2 protein chains.
Amino acid sequence: MSTLADVAREAGVSKATASRAMMRPDMVAASTLERVRAAAERLGFQPNRAARALTTGRTGMLGLIVPTLANPFFSPLVLGAQRAAEETDNHLLIGVSEYDAARESALAGRLCEQADGLVMVAPVGSDASLRAQASHRPLVLVDRRVGRLPAVVLDTSAGTAALVQHLCAFGHREIAYVSGPAGSWADAERRTAATEQAEADGGRLHILGPLDPTFDAGVAAARQLPPSVTGVVAYNSYLALGLLHGLTAAGIHVPRDLSLAAADDLNALGATDPPVTALDVPVEEAGALAVARLLEVHAGTRRTVTTRLPTHVLPRGSTAPPPGTAARTPHGAGHGA
Amino acid sequence: MSTLADVAREAGVSKATASRAMMRPDMVAASTLERVRAAAERLGFQPNRAARALTTGRTGMLGLIVPTLANPFFSPLVLGAQRAAEETDNHLLIGVSEYDAARESALAGRLCEQADGLVMVAPVGSDASLRAQASHRPLVLVDRRVGRLPAVVLDTSAGTAALVQHLCAFGHREIAYVSGPAGSWADAERRTAATEQAEADGGRLHILGPLDPTFDAGVAAARQLPPSVTGVVAYNSYLALGLLHGLTAAGIHVPRDLSLAAADDLNALGATDPPVTALDVPVEEAGALAVARLLEVHAGTRRTVTTRLPTHVLPRGSTAPPPGTAARTPHGAGHGA
DNA sequence: CTGAAAGCGCTAACAA
DNA sequence: TTGTTAGCGCTTTCAG
C-alpha cells in the first residue's frame, strides 16, 4: 500500500503539499493539484484512515445500535443510515443489543471507543444511562426521546391518532387500542395519542395489554376484545396480523364485523386478506436523517433538536364503517400527523 | 480522554511498561501489573484504537457485506458475526449491497481501506472480482464458493437433496424443483443436488424457473406445476409460501393432493396451515464461523478452506405420502447433509 | 502557494 | 523485568 510520502515523491512535492491537495484542493496551485492527483491515481493511493484519525481526532466511523435486525422495521433504517454514512465518506459500525439494556450499554461503550458518535435506535436503556452516554460522545436517538437529547422520531403517535380519527370518521365510537410491550416508550406515546384522539372525536377507547408485540399475542388478544368494540388499532403489525388471524378464526369478519388497523407497516400487511389499514412510516429516511444529525452534532453545527418525521394513514380493506351503518367514505382519512 | 502516557505517569512506570501491562501481562512483574491496572482504572483509560492500528497494522475492524437486511435470512447472520467479533474484541463494519455488483465492489473497496478483512455474504459479483478482492485483503465468503477462497457454506444443497429424499421416501416419484433467481449460485447448487438425488431415488425431477424468489412468483408457479407432480421443493421460503397460497387458492390441498417443502427456513413456515416442511439452517453459526475464519486467515493460521455447515430436514405437516398411497412413515426423513 | 518540522497515541525493537 | 528510542502515516502550524 502506497503512502502519502510515495505520492509526494512521485509528484515531486512535499508531503504537506500532497496532503493539502487531497484535503484542501483550493489551497494548492492548479498545476500542482493536477500532478498530485495523477501521482495518487498512478500509485492507487488510499489514505490510511487510522493515521488520519490520529491527527484529526475524527475516525470517520459512526456507531449504530439497533435492538434487533430480525424485525423488518430496522432493515430500511440501517440501509438509510448506511447510505447517508457512505455519502459523507463515513463508515457504519453496527451493534445489535437484542433488547438487552446491559448489552446495549456495553456496546455503546465499545463502539464509542472507536466512533465519532452514536445512533441508538429505540434504545431500551434508562434515560439516565442514555444521558450519560450522550455526555461522552455525540449521540442521536431514533424513536425515543430523552430530555433535550437530539432525536429523530417517527411520528407514529400522531399516526396512531390519525388511525383513531380514521375509524371515528367511519362512525366507530367504541375503539380498542391493543398495546405493545410493557415499558415501551413508543407504546406509551401511541396509547396516549390514541386516548386523546378518541376523546376528541367523542369515542371511547378500550386498552388491552401491555402485550408482547407478537403474532401469537395478537391471536390471543382477539379473544379478549370487549364485545362493544367495533374498531381496533394495534400497536404494531405483528399484533395486527395475529388479531386478523384470531378474529377470522373466531368467525368475526374484518372489516364487516370489525375494523382493524396497525400503527406501523410491515409489507406483509398489504398482502393479507383483507389487506390491513396501516401507517406509512418513512423508516429509511429516519436512518439517513439520524446520521445527518449526528454529523451535525459532531461538527457542532446543530443544537439538540428533535425531528419528528410524519407518518400517514394507508387506508386499506380492513377498515370500514361499523356494522349496521350505511356505508360512507370517512372524511379526513389518509392524512396522518 | 486519558492516554497511555497518563497511565504510565500515574503508575510511575514508562509508557512501554504500561503498554506491556495491557498487551502482554505475562511480561510484567505482578506488582507492576497491579499498579498499572489500578492507574488505568482510576483514569478510565481507554486505548486509542487509531493509534494502536497505526503501529500494529491491525485496525480491529472487520467488514461485513450483505446483499440486504430485508430478507430475514441475513439477520441472524449479522448477529452471529457481530457476537463473534465482539468476543474477539473486534468491530463490525456493515455494508449493504442491495444485490448490486457495482455497489458491492465499491463497498468492498471502501471497507477494505479500514478493515482487517472482509466477510462477503452471498456476493453477487463475478468470480474474478472476488478473487481480486481476496488478493487485496483477507476475504471469507459465505454461501458462495470461488475456487479455493476460504468460504463458509450452508449446505442447503445437501439439504435440498435430503428434502427430495424425504419426498421419495414417502413414495413420491414425480417431483418439481421450483428454482430461485437466474444466475444464483445457491440455486444452481440446489438444483443440481435435487436432480442427482431424484435420479438416485428413481424419481423424476421437473424444474420450474428460474424465478424471482418472491411470494408472488410462488403464487404464479402454483399454476405452472405439471399435473403429474405430487411433490414440490421450493428454492426458498418465500416461493414456498406463495406456492402454498396459490395451491390452496386453486383448491389443491397440501399435503393431501400435493406435498410441499422449502430449501430454507423462515420462521413463518412454521406458522402456516399446514406448516411447511423445511430445512433447519444454522445461519447465526455461519456468521460467527465466518468471522472466526477471517481472523484465522488474517493471522495466517489457516489455509484456504471451505467449511460446509450441515442443514437438516425439519419435517412438518406439508409433506405426506402422495394421493392414493397407504400412509406410511418415510424412512430416512429428518436427516440432512 | 509550498516546505520543514512537530507531533497525534501507541507498540516494538533494542538495550540495560 | 524495565526504560529508551524510534517510528507507524497523516495533518497542520509556522515560516518562507
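Quick caveat, the model's predicted, so the values are computed rather than measured. Letters go in sequence order (proteins before strands), and every chain restarts at 1.
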Val13(B) vs Ala51(B), nearer the 5' end of DNA chain D by closest nucleotide: Val13(B)
Gap between atoms CG and C1', on Leu4(A) and dT12(D) respectively (whole Å): 13 Å
Atom-to-atom span, CZ of Arg52(A) to C1' of dG9(C) - whole angstrom: 18 Å
Of the listed nucleotides dT2(C), dC10(D), dT2(D), the one nearest the side chain of Phe45(A): dC10(D)
Atom CZ of Arg148(A): over 12 foreign heavy atoms under 6.0 Å: no
Phosphate contact (dG9(C) OP1 or OP2) by Thr3(B) side-chain N/O below 4.0 Å: no
Whole-Å distance separating the CG atom of Asp26(A) from the P atom of dT2(C): 12 Å
Side-chain N,O (Thr56(A)) to OP1/OP2 (dT11(D)) below 4.0 Å: no
Euclidean distance, atom NZ of residue Lys15(A) to atom C1' of dA4(C) [Å, nearest integer]: 10 Å
Length of the CZ-P vector between Arg24(B) and dT1(D), whole Å: 14 Å
Matching residue for Val283(B) among Val142(B), Asp143(B), Leu77(B) - test: side-chain contact (heavy atoms from CB on, under 4.5 Å): Leu77(B)
Whole angstrom value for the distance that separates P of dC10(D) from CG of Asp6(A): 8 Å
Heavy-atom neighbours of Arg103(A) CZ exceed 12 at 6.0 Å: yes
Between Thr59(B) and Arg49(B), a side-chain donor and acceptor under 3.5 Å: no
Rounded distance in Å - CZ (Arg9(B)) to P (dT2(D)): 19 Å
Between dT11(C) (P) and Met27(B) (CE): distance, integer Å: 14 Å
Over 12 foreign heavy atoms within 6.0 Å of CZ, Arg145(B): no
Sugar-phosphate only, base, or nothing, as touched by Ala16(A) at under 4.0 Å among non-hydrogen atoms: base
Phosphate contact (dT11(D) OP1 or OP2) by Ser19(A) side-chain N/O below 4.0 Å: yes
Phosphate contact (dT4(D) OP1 or OP2) by Ser14(B) side-chain N/O below 4.0 Å: no
Residue met sooner reading DNA chain D from 5', once Thr55(B) and Arg35(B) are mapped to nucleotides: Arg35(B)
Side chain Arg20(B) and base dG3(D) donor-acceptor under 3.5 Å: yes
